[in-house]
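Right, one structure below, let's go through it.
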Amino acid sequence: MKILLGLSGGVDSAVAAYVLQSQGHEVECAFMRNWDSLTNNDLLGNPTLGDDVCAQEQDYEDAKAVADKLGLKLHRVDFVKKYWDDVFSVFLDEYRKGRTPNPDILCNQHIKFAAFYDFAKSMGFDWLATGHYARVNHQAEQSELIRAVDSNKDQTYFLCQMPVESLRHTLFPIGEMKKEEVRAIALKLGLDIAQKKDSTGICFIGERNFREFLKNYLPSKKGKIIDIETKTILGDHQGVLYYTIGQRKGLGIGGNLGPWFVIGKDVKKNELYVARLEDNPWLFSTSCTVSHLNWFNPLDLRKAIAVTAKFRYRQQDSSVQIQLGDDGFLQVEFEQPVSSVTPGQEAVFYLGDVCLGGGVIEDVFKEGRILNERIAGALSA
RNA sequence: UGGGGUAUCGCCAAGCGGUAAGGCACCAGACUUUGACUCUGGCAUUCCCCUGGUUCGAAUCCAGGUACCCCAG
């Protein structure tokens with residue numbers, strides 16, 4: 001089999017390359033470049049601008065060293081424009097609406113398992129492979145996406161929007177391995193990046209002061225922070241778009257009553273609404289609607305089924321009941337109230353270890369009322 | 001300009017003569033391929049509105065200032 005593997009310069013994809021190679025496959029690698037700080041005007045709060053070697057080039061050097069060590073060919077592909085058009089523009093549009101998107105899921109959907117998949121096909125490869133912690137079970141009729149053996153590193157959450165067709169042609173070589181095993185192999189192979197720290201933050205952009213990063217694209221606009229319970233003004237925020245539901249840090253509210261958490265916002269009024277303490281009822285919801293559904297399984301969604309759901313990465317699964325409504329939205333009823341479910345974020349569904357698919361959280365409800373209605377009601381009461 | 005009260009870290013707030021609790025905020029780190037949450041650590045080193053005084057010793061007692069608040073005018 002002829003396989004193209006995405007090599008990032010990290011440990012996981014390096015070991016994935018080794019695994020495929022040792023299985024006797026014909027493997028070539030490709031390094032993707034999706035972000036350019038200068039052309040994308042990413043200046044504020046950018047920690048790497050002053051560095052003599054930019055982090056991305058270091059990653060490329062690392063990837064090159066791995067490819068050389070293994071004797072594999074390394075391609076370099078540039079998706080900077082496509083990332084901007086298909087991922088970052090959507091990301092910004094969502095933020096402008098006051099929602100909180102997940103750029104890495106968009107990236108997997110549009111870049112790694114779409115643009116990159118097309119590239120692989122055009123180059124005559126049969127299969128695509130990445131260093132994600134996930135498993136895929138290819139059957140005659142369908143391919144199942146399954147949680148990684150290393151439950152602590154499972155990344156199926158981020159893969160829920162990958163096109164079904166590319167899942168059909170994708171391999172996750174390290175999905176059966178634990179992180180420690182992966183590092184041990186890298187060490188044994190003598191790879192320089194064996195001890196390289198796991199990357200975090202938005203992939204391709206990196207870990208950043210997020211508010212400063214957003215300020216490059218979404219101008220600051222001061223407004224009021226309001227306590228939903230007493231309707232009093234507690235302070236000023238720097239821009240309602242910079243805050244997300246459930247957020248505690250960055251509010252700057254002193255006093256003895258807190259901590260305070262963001263429970264909602266009004267983009268038009270530029271007001272941020274907060275409530276006290278983490279167990280505040282205002283943070284909890286009991287159902288939501290989901291759009292942009294991507295579904296891997298042939299289950300009939302017209303009938304209500306009991307599954308589990310994740311509303312954010314590394315959150316324990318919640319028991320829910322789902323059913324596709326006539327409006328095309330998936331209705332999701334939570335068995336227990338869930339905290340800080342946020343519009344724009346992804347809801348991902350599972351049946352045991354099988355990842356069924358996922359979609360974008362549209363509206364969040366409690367006792368049948370949309371969050372914003374509840375807030376408006378409380379303010380006018 | 002009669003009476004009463006309060007002045008302690010950015011914000012709340014303990015302390016009541018023995019050598020500055022705690023919470024919030026903030027900062028740093030950990031965790032983490034999103035945004036968050038969470039966890040750990042740091043955060044008034046002779047300083048407690050100012051100036052004197054009493055005392056072995058005061059943020060804590062006394063005197064005089066200053067500022068703010070409340071009630072009367």
Side-chain angles (χ1 to χ4, degrees), chain A residues 6 8-13 32 34-35 55 59 83 87-88 90-92 94-95 97-113 130-134 148 150-162 172 174 179 196-214 218 225 227 234-237 240-265 274 276-280 283-284 310-316 338-348 358 360-361:
Chain A
S8 68
V11 209
D12 299 331
S13 56
M32 277 174 259
N34 296 333
W35 189 254
D59 286 339
Y83 186 90
V87 175
F88 206 67
V90 177
F91 170 86
L92 290 179
E94 285 285 87
Y95 262 105
K97 291 178 195 161
R99 294 162 43 115
T100 309
N102 186 321
D104 289 355
I105 288 179
L106 290 167
C107 175
N108 286 331
Q109 177 180 9
H110 296 289
I111 305 296
K112 288 181 188 163
F113 296 101
T130 68
H132 283 100
Y133 285 88
D150 189 338
S151 57
N152 186 50
K153 295 297 293 185
D154 174 54
Q155 290 171 321
T156 51
Y157 180 84
F158 291 102
L159 299 171
C160 70
Q161 286 285 358
M162 67 184 284
F172 300 117
I174 62 164
K179 182 81 196 194
K196 188 172 173 180
K197 192 179 178 333
D198 289 6
S199 65
T200 56
I202 301 177
C203 79
F204 301 115
I205 298 176
E207 190 150 27
R208 306 284 295 276
N209 176 323
F210 202 71
R211 194 186 304 161
E212 291 301 305
F213 172 66
L214 287 180
L218 305 168
I225 300 177
D227 175 13
L234 299 175
D236 294 319
H237 66 253
V240 84
L241 304 184
Y242 304 147
Y243 300 86
T244 190
I245 291 175
Q247 182 167 343
R248 168 179 177 171
K249 294 293 173 182
L251 293 170
I253 305 171
N256 212 5
L257 300 172
W260 298 87
F261 294 85
V262 174
I263 60 129
K265 50 182 152 178
V274 297
R276 297 172 45 202
L277 309 179
E278 50 267 65
D279 57 350
N280 194 293
L283 285 170
F284 289 84
K310 271 193 206 307
F311 299 101
R312 54 174 54 72
Y313 183 51
R314 291 176 68 79
Q315 180 184 52
Q316 267 208 327
V338 181
S339 180
S340 309
V341 177
T342 307
Q345 286 280 292
E346 205 82 6
V348 181
V360 177
I361 298 165

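Here the structure is a predicted model, which means the values were calculated and not measured. Below, chains carry the letters A, B, ... as their sequence lines are ordered, and counting in each starts from 1.
A:Asp12 comes within 4.0 angstrom of no nucleic acid atom, judged by non-hydrogen atoms across all strands. If you check every strand for non-hydrogen atoms under 4.0 Å, A:Ser340 touches nothing. Heavy atoms of A:Arg314 sit under 4.0 angstrom from primed sugar atoms or phosphate atoms, though from no base atom. Using a 4.0 Å heavy-atom criterion, one finds that A:Thr342 contacts the bases of the nucleic acid, with or without backbone contacts as well. Counting any heavy atom pair closer than 4.0 Å across all strands shown, A:Gly250 reaches sugar-phosphate atoms only and no base atom. A:Phe210 comes within contact range of the sugar-phosphate backbone alone, with a heavy-atom separation under 4.0 Å but no base atom that close. When heavy atoms are screened at a 4.0 angstrom cut-off, A:Gly255 is found touching base atoms of the nucleic acid. No contact: A:Leu257 has no heavy atom under 4.0 Å from any strand.
Checking B:rC24, B:rG35, B:rU34 against every side-chain atom of A:Phe158, the shortest atom distance belongs to B:rU34. Taking every side-chain heavy atom of A:Asn256 into account, B:rG23 is the closest of B:rG35, B:rG23, B:rU33. Looking at the side chain of A:Tyr95, the nearest of the listed nucleotides B:rU34, B:rG35, B:rA25 is B:rG35. Checking B:rU34, B:rU38, B:rG35 against every side-chain atom of A:Thr244, the shortest atom distance belongs to B:rG35. Here the side chain of A:Phe261 is nearest to one of B:rC37, B:rU34, B:rU33, namely B:rC37.
When the C1' atom of B:rU33 is taken as reference, atom CG of A:Leu106 falls 14 Å away, rounded to whole Å. Separating the CG atom of A:Asn34 from the C1' atom of B:rU33 is a distance of 13 Å, rounded to the nearest angstrom. Counting to the nearest Å, the P atom of B:rU34 and the NE2 atom of A:His110 are 18 Å from each other. Rounded to an integer number of Å, the gap from CZ of A:Arg312 to P of B:rU33 is 16 Å. Taking atom CG on A:Leu241 and atom P on B:rG35, their separation rounds to 17 Å, with Å as the unit. Atom CH2 of A:Trp260 is separated from atom P of B:rG10 by 21 Å (rounded to the nearest Å). The distance from atom CG of A:Asp150 to atom P of B:rU32 is 10 Å, rounded to the nearest whole Å. Between A:Arg99 atom CZ and B:rU34 atom C1' there is a gap of 15 Å when expressed in whole angstrom units.
Look at A:Lys197 and you'll find a side-chain N or O under 4.0 angstrom from OP1 or OP2 of B:rC31. Phosphate proximity of B:rU38 to A:Lys249: absent, as no side-chain N or O sits under 4.0 Å from OP1 or OP2. Between B:rU33 and A:Tyr313, a contact under 4.0 Å exists linking OP1 or OP2 to a side-chain N or O.
Put simply, the side chain of A:Thr100 does not reach to within 4.5 Å of the side chain of A:Ile245, judged on heavy atoms.
B:rC31 is unpaired under the Watson-Crick or G-U wobble criterion, no partner having all donor-acceptor distances under 3.5 Å. Nucleotide B:rG17: unpaired (no Watson-Crick or G-U wobble partner with both distances less than 3.5 Å). With both pairing distances under 3.5 Å, B:rU54 is matched to nothing as a Watson-Crick or G-U wobble pair. Pair assignment for B:rG2 gives B:rC71, based on Watson-Crick or G-U wobble hydrogen-bonding distances that are each under 3.5 Å.
For the pair A:Cys160 and A:Val348, the tightest heavy-atom approach, listed with the atom from each and the gap, is SG-CG2, 3.5 Å.
A side chain to side chain contact (heavy atoms under 4.5 Å, CB included) with A:Trp260 is found for one member of A:Asp227, A:Leu277, A:Asn280 and no other, namely A:Asp227.
Ring planes of A:Phe172 and A:His132: perpendicular class, angle over 60° (limits at 30 and 60°).
With hydrogens and angles left out, the side chain of A:Gln345 and the base of B:rU34 share a donor-acceptor pair within 3.5 Å. With hydrogens and angles left out, the side chain of A:Asn152 and the base of B:rU32 share no donor-acceptor pair within 3.5 Å.
Between the side chain of A:Arg276 and the backbone N or O of A:Leu257 there is at least one donor-acceptor pair closer than 3.5 Å.
Applying the 90° cutoff around 0 to the glycosidic angle, B:rC37 is assigned syn.
Position along RNA chain B of the nearest nucleotide to A:Asp198 versus A:Arg248 favours A:Asp198 as the more 5'-ward residue. Each of A:Gly258 and A:Phe311 was assigned the nucleotide of RNA chain B with the nearest heavy atom; the assignment lying further toward the 5' end belongs to A:Gly258.
Nucleotides B:rC56 and B:rU51 are separated by 23 Å at their C1' atoms, to the nearest Å. Comparing B:rC9 with B:rC49, their C1' atoms sit 15 Å apart, to the nearest whole Å. The same atom, P, is picked in B:rC71 and in B:rC62; the two are 27 Å apart, to the nearest Å. Going from the P atom of B:rA7 to that of B:rG73 covers 28 Å, rounded to whole Å. Comparing the same atom, P, in B:rC48 and in B:rG5 gives a spacing of 24 Å after rounding to whole Å. B:rG65 sits 13 Å from B:rG3 when the P atoms are compared, rounded to a whole Å. Rounded to the nearest Å, the gap between the C1' atom of B:rA44 and that of B:rC39 is 26 Å. Comparing the P positions of B:rU46 and B:rA58 gives an interatomic distance of 15 Å, to the nearest angstrom.
A:Gln345 CD to A:Ser340 OG: the interatomic distance, rounded to the nearest 0.5 Å, is 10.5 Å. Note: A:Leu214 CG to A:Leu92 CG = 8.0 Å, rounded to the nearest 0.5 Å. A:Gln155 contributes atom CD, which lies 10.5 Å from atom CZ of A:Arg314 (distance to the nearest 0.5 angstrom).
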Inset, instruction - Apply salt bridge (Lys or Arg N to Asp or Glu O under 4.0 Å) to A:Asp198 and A:Lys179, showing your working. - result: CA-CA 10 Å; A:Asp198 289 6; A:Lys179 182 81 196 194; 2.9 Å; yes
